[in-house]
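Worksheet: one structure, shown below.
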Amino acid sequence: MAKVKETARVLSQEKLAEGIYSMWIRSDKIAFQAVPGQFIDVYTKDNARLLPRPISLCEIDREGGRLRIVYRVAGKGTEEFSRYQAEEKIHILGPLGNGFPMEAAEGKRVFLIGGGIGIPPMLAAAAQVRGDKTAVLGYRDGRLFLKEAFAAQGPVYVATEDGSAGTRGNVLDAIREEGLEADLIFACGPTPMLRAVKAYAKEKGIECYLSLEERMACGIGACLACVCRSKEIDGHSHVHNKRVCKDGPVFRAEEVEL
């Protein structure tokens, strides 16, 4: 799969919650290749900021040539993106990284687990899973962005840290409270959540794939800013590291140490 640098076009921009934005992009080339779990590099218009911002794909419309990204404003780059309007040009590179193995989900009961800004890429996976899928989403509070979009794909269970919606606690609290079961887990979210999901999968003997949310810089595996600990020796760095942007962001749970 060849990565492409493309001058795309903004189709729409929407604020979903405080600091959370959704952008649809017209992409003639990248959308055709992309798979759930991959991401794109988005370039700012400020020449002082040389490095792009990696953002995961929330929805992939291959037939329509569209991509949707849902992102949190975390700095000047993403704050710039939040001001983009329809018809504005946007420079992107992708598709980048390795996505979820969709073939592994066929005919299985699948948990799609997302936490925080790790929720958006799970929507792309939900749209393409051919199996009995259940979304389990973790939020800080009752601002349940994307919940309705997940509900259109199948059952959705919610956990909130403050107890304002769904189960009080985390995604595993919701799974246990509702008595949910699965044969396969796809998950994305903060490291503490992924660490707990990995332990749960091992305890239950469930096949599990994790999308890591490490901070990336180049997005193409050159700078080694986003390495994570791995069980195997990396052929590039020759140490027990994996490059999240190049070797991931999706890994089998047992491949990485969290």
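All of these numbers come straight from a predicted model, not from anything done at the bench.
- Between Ile55 and Val70 the shortest heavy-atom distance is CG2-O, 4.4 Å.
- By the rule that hydrophobic residues join a cluster once side-chain heavy atoms approach within less than 4.5 Å of another member, Leu57 and Leu112 end up as members of separate clusters.
- With hydrogens and angles disregarded, a donor-acceptor distance shorter than 3.5 Å links the side chain of Asp183 to the backbone of Arg109.
- For the atom pair CG of Leu172 and CD of Glu203, the computed distance is 9.5 Å after rounding to the nearest 0.5 Å.
- Once rounded to the nearest 0.5 Å, the distance linking OG1 of Thr7 with NZ of Lys89 reads 6.5 Å.
- For Glu148, the CD atom sits in a loose shell: 12 or fewer heavy atoms of surrounding residues, nucleotides or ligands are nearer than 6.0 Å.
- Side-chain atoms of Phe186 and Pro101, non-hydrogen and from C-beta on, do get closer than 4.5 Å to each other.
- Closest approach of Ala104 and Leu184 over heavy atoms only: O-CD2, 3.6 Å.
- Using a 4.5 Å cut-off on side-chain heavy atoms (C-beta onward), Tyr200 and Ile206 make contact.
- Atom CZ of Arg130 has 12 or fewer neighbouring heavy atoms from other residues, nucleotides or ligands inside a 6.0 Å radius.
- Looking at every heavy atom in both residues, Thr78 comes nearest to Tyr71 through O-CE1, 3.6 Å.
- For Arg66 and Glu63, the salt-bridge test fails: no basic side-chain N is under 4.0 Å from an acidic carboxylate O.
- Here Glu87 pairs with Arg9 in a salt bridge; the nearest charged N to carboxylate O distance falls below 4.0 Å.
- Residue Met193 is grouped with residue Ile175 when hydrophobic side chains (ILVMFWY) are merged at heavy-atom distances under 4.5 angstrom, including chains of intermediate members.
- The minimum heavy-atom distance between Lys133 and Pro155, with the atom names listed, is O-CD, 3.4 Å.
- A salt bridge does not link Lys204 with Glu181: none of the charged nitrogens is closer than 4.0 Å to a carboxylate oxygen.
- Side-chain heavy atoms closer than 4.5 Å link hydrophobic residues (I, L, V, M, F, W, Y) into clusters, and following such links, even through other members, never connects Leu11 to Met23.
- Between the side chain of Gln38 and the main chain of Val35, a donor-acceptor pair closer than 3.5 Å is present.
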Validation: residues 24-32 side-chain donor-acceptor distances under 3.5 Å, sequence neighbours left out:
unit_1	atom_1	unit_2	atom_2	d
Arg26	NH1	Gly64	O	2.2
Ser27	OG	Glu6	OE1	2.9
Ser27	OG	Ile30	N	3.1
Ser27	OG	Ala31	N	3.2

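- Without hydrogens or angle criteria, Gln128 side chain to Ala125 main chain gives no donor-acceptor distance under 3.5 Å.
- Using a 4.0 Å cut-off between a side-chain N of Lys or Arg and a carboxylate O of Asp or Glu, Arg83 and Glu79 qualify as a salt bridge.
- Between Ser164 and Asp162, the side chains place a donor N or O and an acceptor N or O closer than 3.5 Å (distance only, hydrogens not considered).
- When side chains are defined from C-beta on, Pro54 does not count as touching Ile40, because their heavy atoms never get closer than 4.5 Å.
- You'll find the side chain of Val73 reaches within 4.5 Å of the side chain of Tyr21, heavy atoms only.
- For the pair Ala174 and Thr167, the tightest heavy-atom approach, listed with the atom from each and the gap, is CA-OG1, 3.6 Å.
- Between the side chain of Arg53 and the backbone N or O of Phe81, no donor-acceptor pair lies under 3.5 Å.
- A continuous path of Ile, Leu, Val, Met, Phe, Trp and Tyr side chains, each step under 4.5 Å between heavy atoms, connects Val256 with Val197, placing both in one hydrophobic cluster.
- A continuous path of ILVMFWY side-chain contacts below 4.5 Å connects Val4 to Val10, so both sit in one hydrophobic cluster.
- For Phe100 and Tyr209, the gap between ring centers reaches or exceeds 6.0 Å.
- A cation-pi contact, defined as under 6.0 Å to the ring centre and within 45° of the axis, links Lys5 to Tyr43.
- Taking the ring centre of Tyr84 as origin, the terminal cationic atom of Lys45 falls inside the region bounded by 6.0 Å and 45° from the ring axis.
- The environment of Arg252 atom CZ is dense: over 12 non-hydrogen atoms of other residues, nucleotides or ligands sit within 6.0 angstrom.
- Residues Leu137 and Phe150 form a side-chain contact, since some pair of their non-hydrogen atoms from C-beta on lies under 4.5 Å apart.
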Going by atom type alone, with no hydrogens or angles, which donor-acceptor pairs under 3.5 Å involve a side-chain atom of residues 115-123 and a protein atom two or more places apart or on another chain?
none

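- Looking at Thr160, its side chain never comes within 3.5 Å of a backbone N or O of Asp141 through a donor-acceptor pair.
- In the model, Ser22 has a side-chain atom that pairs as donor or acceptor with a side-chain atom of Arg68 under 3.5 Å.
- Between Phe145 and Tyr139, the ring planes are perpendicular. Angles over 60° get that label, and only those under 30° would be called parallel.
- Here the CG-CG distance, from Leu258 to Leu210, works out to 6.0 Å after rounding to the nearest 0.5 Å.
- Counting heavy atoms from C-beta on, the side chains of Lys198 and Cys208 never come closer than 4.5 Å.
- Atom CZ in Phe39 sits 13.5 Å away from atom CG in Leu67 (nearest 0.5 Å).
- Taking CG of Leu16 as the reference point, atom SG of Cys58 lies at 8.5 Å (rounded to 0.5 Å).
- The closest side-chain heavy-atom distance from Asp173 to Arg168 is not below 4.5 Å.
- Annotation: Lys147, atom NZ; neighbour count of heavy atoms from other residues, nucleotides and ligands within 6.0 Å does not exceed 12.
- In this structure the side chain of Glu18 never reaches within 4.5 angstrom of the side chain of Ile20, judged on heavy atoms.
- Between the CD atom of Glu59 and the CD1 atom of Ile69 there is a distance of 12.5 Å, given to the nearest 0.5 Å.
- Minimum interatomic distance between Leu194 and Ser211 (heavy atoms only, all atoms of both residues): CD1-O, 3.5 Å.
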